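In this text the structure is predicted, and so the values were computed from the model without any measurement. Both backbone and side-chain heavy atoms feed into the values below; hydrogens, waters and symmetry mates do not.
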Amino acid sequence: MKNQRNQLLLLLLPFLTSILFIQTQLTSAVDFIFNGFDSSNISLYGNSTIESRILTLTNDSTFSIGRALYPSRIRTKEPNSSFVLPFSTSFIFAMAPYEGRLPGHGLVFLFVPHEGIQGASSAQNLGLFNFTNMNPSSHIFGVEFDVFENEEFRDINDNHVGIDVNSLISLSSYEAGYWGNDNSFERVRLNNGRNYQVWIDYDNSIVNVTMAPVGIERPSRPLLSVSLNLSEVFEDEMYVGFTASTGALVQSHKILGWSFSNTNFSISEGLITTGLPSFELPGTPIYRTRGFIAGMVVGGLSLVIICSVIAFLFIRRNRRIRKEREGMEDWELEYWPHRLNYQEIDLATKNFSEENVIGIGGNGKVYKGVFPGGLEVAVKRISHQSSEGVREFLAEISSLGRLKHRNLVGLRGWCKKEKGSLILVYDYMENGSLDKRIFESDDESKFLNFEERIKVLKQVASGVLYLHEEWEAKVLHRDIKSSNVLLDKEMNARLSDFGLARMHDHDKVAGTTQVVGTIGYIAPEIVASGRASTKTDVFGYGVLVLEVICGRRPNEEGKPPLVDWLWELLRKGELISAVDERLISRENLDVEEVDRVLNLGLLCAHPDPNARPTMRQVVKLFDGKVEVDETEGDDMDVYLLEKMKNREFWAMYPQIYNSGSDSHPSFEDIRKGLSTSMPLSWSNSVLEGR
Ligand SMILES: *[C@@H]1O[C@H](CO)[C@@H](O)[C@H](O)[C@H]1NC(C)=O
Ligand SMILES: *[C@@H]1O[C@H](CO)[C@@H](O)[C@H](O)[C@H]1NC(C)=O
Ligand SMILES: *[C@@H]1O[C@H](CO)[C@@H](O)[C@H](O)[C@H]1NC(C)=O
Ligand SMILES: *[C@@H]1O[C@H](CO)[C@@H](O)[C@H](O)[C@H]1NC(C)=O
Ligand SMILES: *[C@@H]1O[C@H](CO)[C@@H](O)[C@H](O)[C@H]1NC(C)=O
Ligand SMILES: *[C@@H]1O[C@H](CO)[C@@H](O)[C@H](O)[C@H]1NC(C)=O
Ligand SMILES: *[C@@H]1O[C@H](CO)[C@@H](O)[C@H](O)[C@H]1NC(C)=O
Ligand SMILES: *[C@@H]1O[C@H](CO)[C@@H](O)[C@H](O)[C@H]1NC(C)=O
């Protein structure tokens with residue numbers, strides 16, 4: 001096929017007078033063979049190094065990423081065409097485990113549009129992706145050699161080779177190994193320190209991946225042979241190279257040689273495969289000798305049985321002990337979130353009995369459960385979800401595995417009973433949900449005073465900030481509201497149900513724009529675009545602030561929506577009258593402070609997403625205490641708030657602001673203005689102007 005093309009080209013060449021065309025043909029050719037590396041041959045990122053001509057992507061540093069790319073972009077498509085240039089590449093790798101340490105996570109041969117690590121995450125993300133960029137806009141093609149089984153990425157086992165396109169969920173994968181000439185499959189262990197050679201060929205929309213231990217002739221049958229058109233995946237020019245990562249589990253990922261060409265499919269023959277160093281742990285070879293195996297089989301069979309029985313009992317006992325323990329071991333986090341046993345949850349909730357129901361949400365019922373040993377949990381049973389939705393949710397919470405924050409409700413584990421039904425086990429929150437305290441408490445002892453409400457709002461803000469900025473990937477809550485704020489034993493606010501709303505996304509009929517979230521807390525731009533962002537979370541947070549201070553639900557029958565109502569009051573200069581009456585009757589409120597908090601709530605719930613502050617600004621504002629000294633007028637956040645109350649602020653909306661009138665525009669006016677020709681950048685100009 002390739003020859004045919006070349007011949008065709010030769011035939012056509014005399015007729016093509018375009019020198020440019022010839023030139024691009026020439027510059028698109030890339031050939032290289034690295035028999036050992038030199039720092040001038042390759043660009044290193046993250047923790048990759050070159051040690052004695054061996055490219056070492058990671059060593060025993062935990063949670064690290066090493067990436068190495070050919071220093072310049074290579075052409076992967078003919079200019080201005082969808083034709084993807086064929087390529088043939090081969091490399092020799094070793095994954096060396098460390099004595100006495102659990103090994104992980106794997107390496108990837110990849111094509112990426114950018115140099116650098118680009119915010120990729122370590123551990124199961126293989127230094128290839130982070131949580132937010134597994135989508136077609138990332139233009140990433142990879143061949144993964146993965147030694148950890150991640151359920152969220154539907155990994156087939158803990159020793160596989162997979163083809164990844166814009167996602168860690170492989171298009172196709174197979175257990176690591178090779179096909180012998182007699183068509184028998186030989187398994188290999190990727191991370192036993194042995195040197196393996198890999199061949200990856202792409203032509204005519206077929207990717208072939210073949211591997212074998214170094215020294216064994218190239219198998220004629222590929223391990224993976226997949227039909228794949230890379231035209232949409234590749235940009236015209238791409239970087240090519242390797243990436244690898246460690247988590248709590250570590251191993252050294254090494255590349256010993258690499259060849260690449262898009263003209264010469266025999267280029268790999270130039271790789272030197274003899275005299276390479278070995279990274280097998282001392283002592284391993286004995287396990288491979290025939291004598292040892294025979295000895296094991298004959299003499300050790302009974303031993304194996306005894307061992308398994310002991311191990312079984314040991315594991316059962318350990319599990320019990322672990323569950324009773326409060327904290328978690330470091331290594332356990334890697335397996336997070338725990339997949340729990342259905343029978344145990346069933347027992348803990350007395351067969352999901354009605355008397356154990358502690359809440360009913362849009363997602364399903366919540367039960368109280370008590371595990372043997374006294375650990376109290378809240379068990380949420382969600383039924384009839386599409387399996388796609390469940391999978392995506394698990395992917396999200398799984399990468400939130402190590403996500404722990406004092407203002408988030410801890411997720412202890414999950415269990416999937418039958419297809420489409422999911423059970424989530426959370427820490428039990430003794431003091432119930434915030435909405436009950438604000439809206440349904442006739443009980444005097446449960447009443448939250450102003451100070452307590454401010455504390456709750458502050459804590460929720462730091463929980464949301466953690467999700468948005470302080471975790472390694474940006475996480476959207478998507479459904480911030482008072483019923484998702486729970487109070488623990490010490491009356492600390494904790495946000496629950498993060499990410500859950502995402503699951504509903506998939507239950508909706510495809511093609512209809514369905515809004516995820518709860519009416520009254522949904523930012524106007526979501527209604528239009530259906531897209532959530534940190535700014536839409538800020539909107540939800542703003543509504544939460546307002547409902548907590550006003551003691552009024554965002555949507556009450558027969559009344560205008562809370563935000564619109566407050567906007568109207570702001571217009572009339574009567575905002576303060578909205579404050580919860582029960583607060584007024586009980587304490588001497590600092591009117592200025594109440595006014596500022598309400599302004600903050602309205603600023604967060606501003607119809608223009610660009611006008612909303614970030615959670616970081618909100619937290620800063622709370623940290624500086626809301627009663628900021630007016631003399632510190634140069635604090636940016638104070639400035640924003642002051643600006644908010646200033647008429648100049650409204651003048652930024654000339655289309656809807658009638659300069660002759662004394663009043664602010666209504667929420668609805670701004671919303672309408674936004675959907676037409678509103679300049680959205682006032683907040684930027686305010687910030688930059690300083
Ligand atoms: C790698 O760099 C070294 C030192 O600059 C150079 O001698 C060698 O030719 C380069 N190898 C390749 C394949 O470009
Ligand atoms: C592992 O790599 C890190 C980062 O490159 C380096 O600081 C550390 O010294 C290395 N450790 C060993 C044992 O080589
Ligand atoms: C490199 O390793 C160090 C530990 O040696 C770790 O703190 C750092 O995050 C790693 N960097 C990358 C980019 O993985
Ligand atoms: C490719 O398209 C761009 C813009 O359409 C044009 O400027 C460029 O000359 C084209 N290149 C070739 C090789 O045709
Ligand atoms: C891939 O493998 C198949 C089966 O061995 C073979 O027919 C095909 O030519 C190969 N394609 C490439 C691009 O190597
Ligand atoms: C690959 O896809 C592109 C556009 O999506 C198309 O133009 C091209 O013909 C496809 N190539 C093959 C070999 O199917
Ligand atoms: C292809 O690469 C091999 C190995 O480096 C080399 O021996 C051979 O001459 C090359 N063929 C062509 C046409 O360049
Ligand atoms: C995720 O990766 C993308 C690019 O690949 C990057 O722009 C983004 O900042 C990363 N996100 C995080 C939270 O690191």
Side-chain angles (χ1 to χ4, degrees), residues 2 23-34 37 41-46 48 55 57 65-91 93 107-120 125-130 132-145 161-168 170-172 198-209 224 226-245 255 258-265 267-268:
K2 219 168 66 344
Q23 269 179 351
T24 53
Q25 279 299 302
L26 292 176
T27 52
S28 67
V30 181
D31 282 277
F32 54 80
I33 302 176
F34 296 130
F37 295 86
N41 304 133
I42 195 137
S43 303
L44 303 176
Y45 306 95
S48 58
L55 172 58
L57 296 165
I65 297 175
R67 189 177 278 193
L69 300 175
Y70 185 68
S72 55
R73 282 198 174 85
I74 61 166
R75 183 157 277 290
T76 49
K77 279 200 261 183
E78 302 253 10
N80 296 354
S81 104
S82 62
F83 178 73
V84 178
L85 298 172
F87 64 82
S88 173
T89 188
S90 179
F91 56 91
F93 77 85
L107 73 83
V108 186
F109 166 81
L110 83 170
F111 280 90
V112 273
H114 308 287
E115 42 186 348
I117 286 180
Q118 297 286 321
N125 297 297
L126 300 178
L128 183 60
F129 287 103
N130 61 28
T132 53
N133 68 347
M134 282 191 227
N135 57 50
S137 66
S138 58
H139 295 284
I140 293 177
F141 166 77
V143 178
E144 64 169 44
F145 297 80
V161 181
I163 292 177
D164 298 346
V165 172
N166 296 325
S167 170
L168 280 163
S170 302
L171 275 187
S172 172
V198 176
W199 297 264
I200 301 170
D201 295 322
Y202 179 81
D203 194 10
N204 216 1
S205 288
I206 305 265
V207 189
N208 286 346
V209 179
L224 290 167
V226 174
S227 162
L228 172 63
N229 185 346
L230 287 171
S231 180
E232 304 283 310
V233 182
F234 281 175
E235 293 187 345
D236 287 355
E237 293 185 321
M238 302 282 282
Y239 285 96
V240 61
F242 304 91
T243 189
S245 73
I255 309 288
W258 179 26
S259 68
F260 184 99
S261 173
N262 45 26
T263 52
N264 183 351
F265 270 51
I267 187 94
S268 65

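The backbone N or O of Val30 lies less than 3.5 Å from a partner atom in the side chain of Asn262, making a donor-acceptor pair. With hydrogens and angles ignored, the 3.5 Å screen pairs a side-chain donor or acceptor of Arg67 with a backbone N or O of Gly116. Between the side chain of Asn166 and the main chain of His139, a donor-acceptor pair closer than 3.5 Å is present. Put simply, the side chain of Ser138 gets close to the backbone of Asn133: a donor and an acceptor are under 3.5 Å apart.
In this structure, the side chains of Glu144 and Leu126 come closer than 4.5 Å at one or more pairs of heavy atoms. The side-chain heavy atoms of Val207 and Ile200, taken from C-beta on, include a pair separated by under 4.5 Å. Looking at Ser170 and Ile163, their side chains never come closer than 4.5 Å, going by heavy atoms from C-beta outward. Considering only heavy atoms from C-beta on, Ile255 comes within 4.5 Å of Leu107 through its side chain. Taking 4.5 Å as the limit, some side-chain heavy atom of Phe109 sits within range of a side-chain heavy atom of Val240. Contact check for Leu55 versus Leu44: side-chain heavy atoms found under the 4.5 Å cut-off. At least one side-chain heavy atom of Leu110 sits less than 4.5 Å from a side-chain heavy atom of Leu69. At a threshold of 4.5 Å between non-hydrogen side-chain atoms, the residues Ile140 and Val112 count as touching.
When all heavy atoms of Gly142 and Val108 are compared, the closest pair comes out as CA-CG1, 3.8 Å. When all heavy atoms are compared, the tightest approach of Leu168 to Phe129 is CG-CD1, 3.6 Å. When all heavy atoms are compared, the tightest approach of Asn130 to Gly119 is ND2-O, 2.8 Å. Nearest heavy atoms, Gln118 versus His114: NE2-CB, 3.4 Å. Heavy-atom minimum distance, Glu235 versus Pro113: OE1-CB, 3.3 Å. Residues Tyr239 and Pro71 approach most closely at CE2-O, 3.7 Å, considering heavy atoms.
Side chains of Trp258 and Thr89: a donor-acceptor N/O pair is present below 3.5 angstrom, by distance only.
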- Task: Start with the C-alpha distance between Met134 and Asn125, add both sets of side-chain angles, then the distance that settles side-chain contact (heavy atoms from CB on, under 4.5 Å), and finish with yes or no.
- Result: CA-CA 10 Å; Met134 282 191 227; Asn125 297 297; 4.1 Å; yes

- Message: Is there a side-chain contact (heavy atoms from CB on, under 4.5 Å) between Phe87 and Phe111? Walk through the geometry before answering.
- Response: CA-CA 12 Å; Phe87 64 82; Phe111 280 90; 3.5 Å; yes

- Item | Full working for side-chain contact (heavy atoms from CB on, under 4.5 Å) between Phe32 and Asn41 | CA-CA 10 Å; Phe32 54 80; Asn41 304 133; over 6 Å; no

- Message: Before you tell me yes or no, could you show the steps for Phe91 and Phe242 under ring pair (Phe, Tyr, Trp, His ring centres under 6.0 Å), namely the whole-Å CA-CA distance, both residues' side-chain angles and the distance that decides it to 0.1 Å?
- Response: CA-CA 10 Å; Phe91 56 91; Phe242 304 91; 4.8 Å; yes

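Of the inter-residue distances, the one linking Leu85 atom CG with Asp203 atom CG reads 10.0 Å to the nearest 0.5 angstrom. The OG atom of Ser88 sits 4.0 Å away from the CG atom of Asp201 when rounded to the nearest 0.5 Å. Rounded to the nearest 0.5 Å, atoms CG (Asp236) and OG1 (Thr76) are 6.5 Å apart. Considering CG of Leu230 and OG of Ser82, their distance stands at 12.0 Å, rounded to 0.5 Å. Of the inter-residue distances, the one linking Ser259 atom OG with Ile33 atom CD1 reads 6.0 Å to the nearest 0.5 angstrom.
Remark: aromatic rings of Phe260 and Tyr70 are distant, center separation not under 6.0 Å.
Checking Ile206, Leu171, Val84 one by one against Leu228, the side chain to side chain contact (heavy atoms under 4.5 Å, CB included) holds for a single residue, Leu171.
For Ser81, the side-chain contact (heavy atoms from CB on, under 4.5 Å) criterion is met by Glu78, Phe83, not counting sequence neighbours.
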